[in-house]
Each structure stands twice: as structure tokens, then as C-alpha cells.
Amino acid sequence: MIMNVRGRLIVTGMGKSGIVARKMTATLTSTGTPALFMHPADAGHGDLGMVTPDDIVLMLSHSGESNELGPIIQYCKRFGIPLLGLTARGESTVASASDVCVLLPAVREACPNELAPTTSTTVQMAFGDALAIALMEMRGFSADDFHKFHPNGRLGAQLLKVHDLMAAGEAVPRVREDASLLDATIEMTRGRLGGTAVINQNGELIGAFTDGDLRRTVTGTQQLTEAVGRFMTVPPLSVGPDELASEAIRLMHLHNITLLFVCEGGRLVGAVHMHDLLHAGVA
């Protein structure tokens, strides 16, 4: 029913169930299910206006008898809005009024007086998470979709792709394999990435030459006229533009390097430096 609704899922609940309903709403909206929390105490004072005929209501109530839920139930019945109930009491008002009732187990509260909502709210929370994940799977909600809703913070950084951070076009240093070491050094300096790609006539990456390679291989000025192809690193390590940036930094740590060239179908399309990944918060 939630998958087929044209509007939004309106989640509501009173007291501790309301707090769970807020968390459930946040998880649903961040994973691809349009949802909105409606406080029962405000519903009868105008907030019922947020519920449209295209929506569906999910009502949380452990006892199923909270008085504040009455106006919402009446509104749903009057205007034919589907009502989903989540309660632990099958004979309650909420259960009887619901088009679909999810009956939770009647668990013992952890409170020594068996009064404070503890175990029951944990069960509600678990159901909400299970519902959100089931809807994610049904929608085929991907990491790319997740990143659209989580662009900031550490989570957003972990979902960045290589193409989001790489240098491209003229900003990528490159030379042909017959270029001299001097030309390769000049190109490295221009690119300011600490290295240059070595490509063939088809623009395909065939090697890499870094400032570390330069220090290790050049012992005299006469060598600066020799072809860079003699000293380049082969095969060069590369990554695809659609790989996660976290995968790029993993490769850098694994091979003790700070620069990766980006290839698509073998052709050089970019370069990404560890400093850019760390600056973006990728770790």
C-alpha cells in the first residue's frame, strides 16, 4: 500500500510512540519514501489539512486507545484515506479502525513498574527500520540515491564518486612516452599533482611518472633528454570515474601513493590526488 500511494506517508503517534514516529519518518524520508510526521495534538487544530486524498496514514499506538488519535481516525474514515495501525492490542480502537493493522507482540516493559514505554518502543523502532529497509529494497534505492539525500557530513563524503573530485581536461598532466624527462618534469610542475600520466597516440594510459620517479632515476643532467618511457611506472595504477572516492583512497593507502589516474575504457579522463580526497572528508 505504501509503495503504491501517490502522495506521502503520514506518520503519527502520541507520547513515546510519537517520538518513535518522528524517527521512523526521518528514516523513511532519507531512504526514498516521502513521509511526514503529524502530531496528534495539533491534528485537530488545523494540521489535518496536511493530509490529502492521495496520502496514507500510519498510526502508532501501543495501547491503541490514545484520545488524541480520535480526530485523525474520524478524518481518515470521512475522506476515505487509508489508515495503517501499529498497535499491540488487537481489540483496541486503533486496531478496529485500521484498514490494515500490524499487531506487535505484547512485550513486558523493562521498567520495574512495567509502566514506562521501553521494550514496546524498541519493538516499534525495529518495525519502523524494517519497513524502511523493505521499501528501499522494493524501490531499488541505491547508494547514488542515498547520496542525493545525504550530501553533507561524513556520510556524504563516503558516497562521493571519483568523478566528483578528479581533475579533468587540461588540468590533467600528460605526456607521450617519447617525451623527454625534461618535458615530463615541466608537465608535472604545470599540473601541480606531483606526477604526470604517460599516454600513447590514442590517449590511452600506458604509464605514470611522478616526482618520486624523477628523484630515483635521474643522476645527471644529461639524462633529462632521454625519453620518459624508459623510466615510467608500468603498469600504471588507475581507477574508474564511477568508483567511490573511498575506494580510490583505499588503493592509495594500499600502494603507498598519493596520485591516481582516472580511466574510462582505457582512455585517460582525469586524475585524483589524496589531498583532494582528504580535503573532501573521504577517509
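All residue numbers in this chain count up from 1 along the given sequence. Scope of the values below: all heavy atoms of this structure, side chains included, with no hydrogens, waters or symmetry mates. Bear in mind the structure is a predicted one, so any value in this text is a computation, not a measurement.
- The environment of H45 atom NE2 is sparse: at most 12 non-hydrogen atoms of other residues, nucleotides or ligands sit within 6.0 angstrom.
- A heavy-atom distance below 4.5 Å is not found between the side chains of H62 and P117.
- Contact annotation: the side chain of S61 never approaches that of M14 to less than 4.5 Å [non-hydrogen atoms, C-beta and beyond].
- Ring-plane geometry between F37 and H39 is classed as perpendicular, the angle between the planes exceeding 60 degrees on a 0 to 90 degree scale with a lower cut at 30.
- Around atom NZ of K23, more than 12 heavy atoms belonging to other residues, nucleotides or ligands sit under 6.0 Å away.
- With no hydrogens or angles considered, a side-chain donor-acceptor pair links R139 and T33 at under 3.5 Å.
- No side-chain donor-acceptor contact under 3.5 Å links E65 and S92.
- The ring pair (Phe, Tyr, Trp, His ring centres under 6.0 Å) search around H275 returns H273, not counting sequence neighbours.
- The shortest distance between side-chain heavy atoms of V102 and L131 does not fall below 4.5 Å.
- You'll find the side chain of M252 stays beyond 4.5 Å of the side chain of T258, heavy atoms only.
- Closest heavy-atom contact between L260 and L251: CD1-CB, 4.2 Å.
- A salt bridge links E247 to R250: one of the charged nitrogens lies within less than 4.0 Å of a carboxylate oxygen.
- For the pair P241 and K161, the tightest heavy-atom approach, listed with the atom from each and the gap, is O-CB, 4.0 Å.
- S98 has its side chain out of reach of M59: every pair of non-hydrogen atoms, C-beta onward, lies at least 4.5 Å apart.
- Shortest non-hydrogen contact noted between R8 and M50 is NH2-O, 2.5 Å.
- Under the side chain to side chain contact (heavy atoms under 4.5 Å, CB included) criterion, A168 pairs with M166, sequence neighbours left out.
- Between D213 and R216 there is a salt bridge, since a side-chain N of the basic residue sits under 4.0 Å from a carboxylate O of the acidic one.
- When all heavy atoms of I72 and A43 are compared, the closest pair comes out as CG1-CB, 3.7 Å.
- No side-chain heavy atom of M38 sits less than 4.5 Å from a side-chain heavy atom of V11.
- Of the inter-residue distances, the one linking I133 atom CD1 with M138 atom CE reads 13.5 Å to the nearest 0.5 angstrom.
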